[in-house]
Amino acid sequence: MAERALFVDLLYAVTVGATLPRINDTVLHLDSPVLWGVGFLIAVFLEDFYLYHVKVVPHLSGPHSWRGFSLSVLIIGTWYLTQAAFPSNVNLFLVGFAVFFSLRVIAALIYGTSRRDAIFIVPIVAAVALLSLAGYPLFSGHPGHLLFFLFPIWFLTILVWWSVDARRRASNPIRTPAPHTQEIELPFKHSDRDSINRTRSCR
């Protein structure tokens, strides 16, 4: 439904708008974990927004579903909490990252998408694995090092997902049915047609 999609669009826009002020002149240097972390998470969020519009919105029909709407709000809220936790609370950041993709898997089950959505389990496993290592000096003293693992894993995940989706659409193109033509039957009897033909031949 258009109203539902527009409201979710508004939530996405407000959430990104509330996050962008974190990127200010105090973090505009290459060794800033806030700059890279927020930039990475905004990329994650925008890809999710694009997927929502391409794969979910076209199938929104029928009566309003509070289950789907609540799930969209949870995904957006979880992302906002995730970005707010980075880099000061690494554990909450990783938990939020894992929950964010877990909700995407649940959304895939609700909207009945294909089995390729199981690939979103990869970022979940990566976040859980990094959570068990978060106490080590490599990450505890330098939270930005987490991005060296999360970014390539996320990028490869969505690259594979969209590549498989493109291949599936290429192998199953949408065929436009040929226009149906129907022969018009004139309200004449065969005898009438024969007489008309004989009249024409006499001329």
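As the structure is a prediction and not an experimental result, all values here were calculated from the model.
- The minimum heavy-atom distance linking Gly96 with Thr78 is given by the pair O-CG2, 3.4 Å.
- Between the CD atom in Gln83 and the OG1 atom in Thr15 there is a gap of 9.0 Å [rounded to 0.5 Å].
- Contact annotation: the side chain of Val34 approaches that of Arg22 to within less than 4.5 Å [non-hydrogen atoms, C-beta and beyond].
- Here the straight-line distance linking atom OG of Ser32 with atom CD1 of Ile23 works out to 9.0 Å at 0.5 Å rounding.
- The aromatic ring centres of Phe101 and Phe97 sit less than 6.0 Å apart.
- Aromatic rings of Phe40 and Phe86 (six-membered ring for Trp) have centroids beyond the 6.0 Å cut-off, not under it.
- A distance of 6.0 Å or more separates the ring centres of Trp79 and Phe49.
- In terms of heavy atoms, Leu11 sits closest to Val73 at CD1-CG2, 3.8 Å.
- Interatomic distance, CD1 of Ile76 versus CG of Leu71, reported as 10.0 Å (0.5 Å rounding).
- How far CZ of Phe120 is from CD1 of Ile106: 13.5 Å, rounded to the nearest 0.5 Å.
- Note on Leu81: it does not cluster hydrophobically with Leu94, by side-chain heavy-atom contacts below 4.5 Å among ILVMFWY residues.
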side-chain contact (heavy atoms from CB on, under 4.5 Å) between Ile124 and Phe100, intermediate numbers included: CA-CA 9 Å; Ile124 301 173; Phe100 175 81; over 6 Å; no
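- Residue Leu51 holds its CG atom at 4.5 Å from CH2 of Trp162, rounded to the nearest 0.5 Å.
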Working note: Asp117 + Trp161, criterion side-chain hydrogen bond (donor to acceptor under 3.5 Å, both in side chains); need CA distance, chi angles, decisive distance, verdict. CA-CA 7 Å; Asp117 296 302; Trp161 194 95; 2.8 Å; yes
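- Taking 4.5 Å as the limit, every side-chain heavy atom of Tyr12 sits out of range of all side-chain heavy atoms of Leu46.
- One hydrophobic cluster, built from ILVMFWY side chains closer than 4.5 Å, cannot hold both Val14 and Val16; they sit in different ones.
- Using a 4.5 Å cut-off between side-chain heavy atoms of Ile, Leu, Val, Met, Phe, Trp and Tyr, with links allowed through other members, Leu28 and Leu20 fall into the same hydrophobic cluster.
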Can you give each donor-acceptor pair under 3.5 Å made by side-chain atoms of residues 128-155, sequence neighbours left out, with the distance rounded to 0.1 Å?
unit_1 : atom_1 : unit_2 : atom_2 : d
Ser132 : OG     : Ala129 : O      : 2.5
Ser140 : OG     : Tyr136 : O      : 3.0
His145 : ND1    : Leu138 : O      : 2.8

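- For Ser163 (side chain) and Leu159 (main-chain N/O), a donor-acceptor pair under 3.5 Å exists by modelled atom type.
- Rounding to the nearest 0.5 Å gives a distance of 7.0 Å between CG of Leu92 and OG1 of Thr82.
- Residues satisfying the salt bridge (Lys or Arg N to Asp or Glu O under 4.0 Å) criterion with Arg104, sequence neighbours excluded, are Glu47, Asp48.
- Other residues, nucleotides and ligands contribute at most 12 non-hydrogen atoms within 6.0 Å of the CH2 atom of Trp36.
- Annotation: side-chain contact (heavy atoms from CB on, under 4.5 Å) contacts of Val160 (sequence neighbours excluded): Ile119, Val164.
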